[in-house]
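First the structure, in the form of structure tokens, and then the observations on it.
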Amino acid sequence: MKYSAPKGFQDILPPEISVWQRIEAAARSVFVKYGFHEIRLPIIEATDIFVRSIGEITDIVEKEMYTFRDKGDRSVTLRPEGTAGAVRCFVEHGLHNLPSPQKFYYAGPMFRYERPQKGRFRQFYQIGVEAFGAAQPALDAEIIAMLNDFLKSIGLLNLNFELNSIGCDVCRPVYKEALQLFFRDKISGFCPDCNRRYNTNILRILDCKVERCVELRGGAPAVSGHLCEHCRIHFDELTGLLETLDVPFSLNANLVRGLDYYTKTTFEVTSEHLGAQKAVAAGGRYDKLVKEFGGPDTPAIGFAIGMERLATLLQTVVPPEKAAPKVFVATLGKQADTEGLRITKSLRNNGLWVEPSYGGASLKSQLRKADRIGAEYAVILGENELSSGKAQWKNLKEGTQGEVALTELQAFFAKA
RNA sequence: GUGGGCGUAGCUCAAUGGCAGAGCACUGGACUGUGGCUCCAGUGGUUGCGGGUUCAAUCCCCGUCGCCCACCCCA
């Protein structure tokens, strides 16, 4: 093999594409009912946009970004996620001047230089959703309900919907201090990763999977007990609204998002039928990010859906569609080859999927091909048919055959 | 970045320190112009790449690249 796609990059071929198209169509039809509009964003942004929003000490920024200098010596980065670019877009175009909230979605590839594994690629596709300009828990509830609607509409059940609040810039620092106090004396007993987390992102100790760490962190202060009144009310109202809207969820006090910009509500949808990378969608509030980007103080919330992971799940539920032509036109002889092309075109003009023979093969091999590509009908056109002005039609599913005048072919297949 | 497993035909996989194979798929034939079933034949390989050991390496050793899985982290 001389060439292969770069590590962590993959081709998506026709049998799989039908699942992707189904996902995209379902997303559009659900999102439009919630008033979300599609936007198309650049795949490259100024590097600083991601550093400022995602956070300097996150893995994404520290080691996973495809960053390079363009010919104008600007540092640019292939987007590792969509929210930063969406916020940049919102601020750049002054979209806060439009009635609030403004609601958007987008779909496309993201890039992270990571070691590939099941459900993880260096180029991966996300459908992203962002809503700007409403601080009320009603918006959180709606956006989560919309995600739930979407997942139901493509036929996915048995997903885990987890919810948490990580507080705001008032209560989170207090909570972090409480965690530092709790772990200070016992951190040396934790795994090396947790010792690193103690300094970089202490919240992450709460979802370490190492058995010893799970035991040792028993009794650690829960975020729910440290939310300020404002955040606690927001969260309580949200859970109440989700119950009203019949959105099932479970609380997970250890649900921590890795990106710095999240505030208050965080949520994640996972499946047990994926590998270790089991999150199919995740998101949360980011009330400070628009201001951070130079816009007015504008609360916002969003989520992202992992397309590959969703497609993997959907393929186990719904088999990929096998699309097949209505008619295969088999021809024998130069003159019939030409006439066959003309017939093919006229049937296509009637809206049918028609495949011509490209000439030169035996009738036997042409019919074999017609069968293998799953055509419903074959039209047979040779010297006899040309001279009589009548083609043979054959129903390949039922094995029936008959004659039809060349001038009647369109009418024949319009009814067939 | 770390750890483990695996690289042989388009796909799924055999094989052995001594001529590189099967099934499926593809093309054709048996059946001068009638598919599916059957039978026959054909196309297709620098055994991922590079080096080493050896009379001889697909096999053993080293390196490298790729794939898979897990950690970290994340959609």
Side-chain angles (χ1 to χ4, degrees), chain A residues 1-10 13 54-55 57-64 79-83 107-129 147 191-194 196-197 200-201 204 207-210 256-259 267-271 274-284 302-313 328 330-333 336 357 360-386 391-401:
Chain A
M1 197 80 61
K2 191 164 184 185
Y3 295 114
S4 58
K7 185 187 186 78
F9 290 69
Q10 57 177 354
L13 301 176
I54 297 167
I57 55 156
T58 58
D59 274 23
I60 291 178
V61 169
E62 280 183 338
K63 52 186 195 190
E64 295 176 2
R79 62 183 185 189
E81 57 101 45
T83 299
M110 308 292 164
F111 303 85
R112 291 181 200 171
Y113 189 88
E114 297 187 272
R115 194 79 173 261
Q117 70 184 82
K118 188 177 179 69
R120 167 186 287 165
F121 310 94
R122 289 183 173 178
Q123 176 178 336
F124 59 100
Y125 289 79
Q126 287 187 339
I127 299 176
V129 163
L147 175 56
C191 71
D193 283 325
C194 279
R196 182 175 49 75
R197 291 173 180 126
T200 57
N201 190 350
R204 283 237 155 259
D207 67 355
C208 181
K209 299 173 198 87
V210 176
V256 179
R257 309 268 73 234
L259 285 57
F267 54 95
E268 187 168 288
V269 181
T270 61
S271 166
L274 295 168
Q277 310 307 321
K278 58 184 186 175
V280 293
F303 65 78
I305 298 165
M307 288 282 281
E308 288 83 357
R309 296 177 188 179
L310 204 52
T312 299
L313 286 178
F328 181 91
T331 52
L332 292 162
S357 160
S362 68
L363 181 59
K364 177 185 185 60
S365 72
Q366 291 186 57
L367 287 177
R368 181 159 49 215
K369 186 198 277 185
D371 184 58
R372 292 197 180 160
I373 64 179
E376 190 179 343
Y377 283 90
V379 164
I380 299 163
L381 201 63
E383 287 173 16
N384 301 341
E385 287 74 17
L386 284 181
Q392 301 285 325
W393 61 264
K394 178 161 190 167
N395 185 316
L396 294 164
K397 307 291 180 214
E398 296 171 7
T400 52
Q401 185 165 349

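Chain A is the first sequence line, chain B the second, and so forth, proteins listed ahead of strands; every chain is numbered from 1.
Looking only at distances, a side-chain donor or acceptor of A/Arg309 sits under 3.5 Å from a matching main-chain atom of A/Gly119. Between the side chain of A/Gln123 and the main chain of A/Met110, no donor-acceptor pair closer than 3.5 Å is present. A distance-only check finds a donor-acceptor pair linking the side chain of A/Lys397 to the backbone of A/Gly374 [under 3.5 Å]. Under a 3.5 Å cut-off, the side chain of A/Gln277 and the backbone N or O of A/Gln117 do not form any donor-acceptor pair. For the pair A/Glu385 (side chain) and A/Gly382 (backbone), a donor-acceptor distance under 3.5 Å is present.
Only the P atoms considered, B/rU64 is 25 Å distant from B/rC71, to the nearest whole Å. When the P atom is used for both B/rG48 and B/rC13, the distance is 15 Å, rounded to whole Å. Spacing between B/rU8 and B/rA22 at atom C1', rounded to whole Å, works out to 13 Å. Comparing the same atom, C1', in B/rG42 and in B/rG4 gives a spacing of 43 Å after rounding to whole Å. For the C1' atom pair drawn from B/rU53 and B/rG63, the interatomic distance equals 15 Å after rounding to whole Å. With both ends at atom C1', the span from B/rG44 to B/rA9 equals 6 Å, rounded to whole Å. For the C1' atom pair drawn from B/rA25 and B/rC11, the interatomic distance equals 7 Å after rounding to whole Å. Between B/rU47 and B/rU58, the two C1' atoms lie 5 Å apart (nearest whole Å).
Among the protein residues, A/Gly283 comes within range of no part of the nucleic acid, since none of its heavy atoms lies under 4.0 Å from any strand. Here A/Ile380 lies in heavy-atom contact (under 4.0 Å) with a base. Within 4.0 Å of A/Gly119, counting heavy atoms only, lies at least one base atom of the nucleic acid. Residue A/Glu81 is out of contact with every strand shown, counting any heavy-atom pair closer than 4.0 Å. If you check every strand for non-hydrogen atoms under 4.0 Å, A/Gly333 touches nothing. Using a 4.0 Å heavy-atom distance criterion, A/Glu268 is classed as making no nucleic acid contact. Residue A/Tyr377 is out of contact with every strand shown, counting any heavy-atom pair closer than 4.0 Å. Among the atoms of the strands shown, only primed sugar atoms or phosphate atoms (P, OP1, OP2) are found under 4.0 Å from some heavy atom of A/Arg196.
Ion pairing of A/Arg196 with A/Asp193 is present here, as a side-chain N (NZ or NE/NH1/NH2) and a carboxylate O approach within less than 4.0 Å.
Distance A/Leu363 CG to B/rG33 P: 7 Å, rounded to the nearest Å. Rounded to a whole Å, the CG atom of A/Asn384 is 8 Å from the C1' atom of B/rG33. Computed from coordinates, the A/Arg115 CZ to B/rU2 C1' distance equals 8 Å when rounded to whole Å. Atom-to-atom, CD of A/Glu114 to C1' of B/rC69 comes out at 15 Å; the value is rounded to the nearest Å. If you measure from atom CD of A/Gln117 to atom C1' of B/rC67, you get 14 Å, rounded to the nearest angstrom. Atom C1' of nucleotide B/rC65 and atom NZ of A/Lys7 are separated by 8 Å, given to the nearest angstrom. Note: CG (A/Asp193) to P (B/rG3) measures 14 Å, nearest angstrom. One can place CZ of A/Arg122 at 8 Å from P of B/rC67, the figure rounded to the nearest angstrom.
Relative to the side chain of A/Lys394, the nucleotides B/rC72, B/rA75, B/rG35 differ in distance, and B/rG35 lies closest. The nucleotide whose nearest atom lies closest to any side-chain atom of A/Ala276 is, among B/rA70, B/rC73, B/rU34, B/rA70. Distance from the side chain of A/Arg197 is smallest for B/rC72 among the nucleotides B/rA75, B/rC72, B/rC69.
Judged by atom type and distance alone, A/Glu385 reaches the base of B/rG33 through a side-chain donor-acceptor pair under 3.5 Å. Residue-to-nucleotide contacts include no donor-acceptor pair under 3.5 Å from the side chain of A/Asp371 to the base of B/rG36. With hydrogens and angles ignored, no donor-acceptor pair under 3.5 angstrom links the side chain of A/Gln366 to the base of B/rU34.
Residues A/Phe124 and A/Phe111 approach most closely at CE2-N, 4.2 Å, considering heavy atoms. Contact detail for A/Gln366 and A/Ala361: the closest heavy-atom pair is NE2-O, 2.9 Å.
Other residues, nucleotides and ligands place no more than 12 heavy atoms under 6.0 Å from the CD atom of A/Glu383.
Ranked by how close their nearest RNA chain B nucleotide is to the 5' end, A/Gly275 and A/Gly8 are led by A/Gly8. Positionally, the nearest nucleotide of RNA chain B for A/Leu332 lies more toward the 5' end than for the other of A/Leu332 and A/Asp207.
Defined by atom type and a distance below 3.5 Å, a donor-acceptor pair is missing between the side-chain atoms of A/Gln126 and A/Glu81.
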Fill in the blank from the handout: Read 5' to 3' with Watson-Crick or G-U pairs under 3.5 Å, [ ] for crossing pairs and | for partners on another strand, RNA chain B gives (((((((..((((....[..)))).(((((.......))))).....(((((..]....))))))))))))....
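Relative to the six-membered ring of A/Tyr113, A/Arg122 meets both conditions, a distance below 6.0 Å and an angle of at most 45° to the axis.
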Fill in the blank from the handout: With B for base contact, S for sugar-phosphate-only contact and - for none (protein heavy atoms under 4.0 Å), nucleotides 23-32 of chain B reads ---SSBSBB-
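In this structure, the side chains of A/Leu363 and A/Ile380 come closer than 4.5 Å at one or more pairs of heavy atoms.
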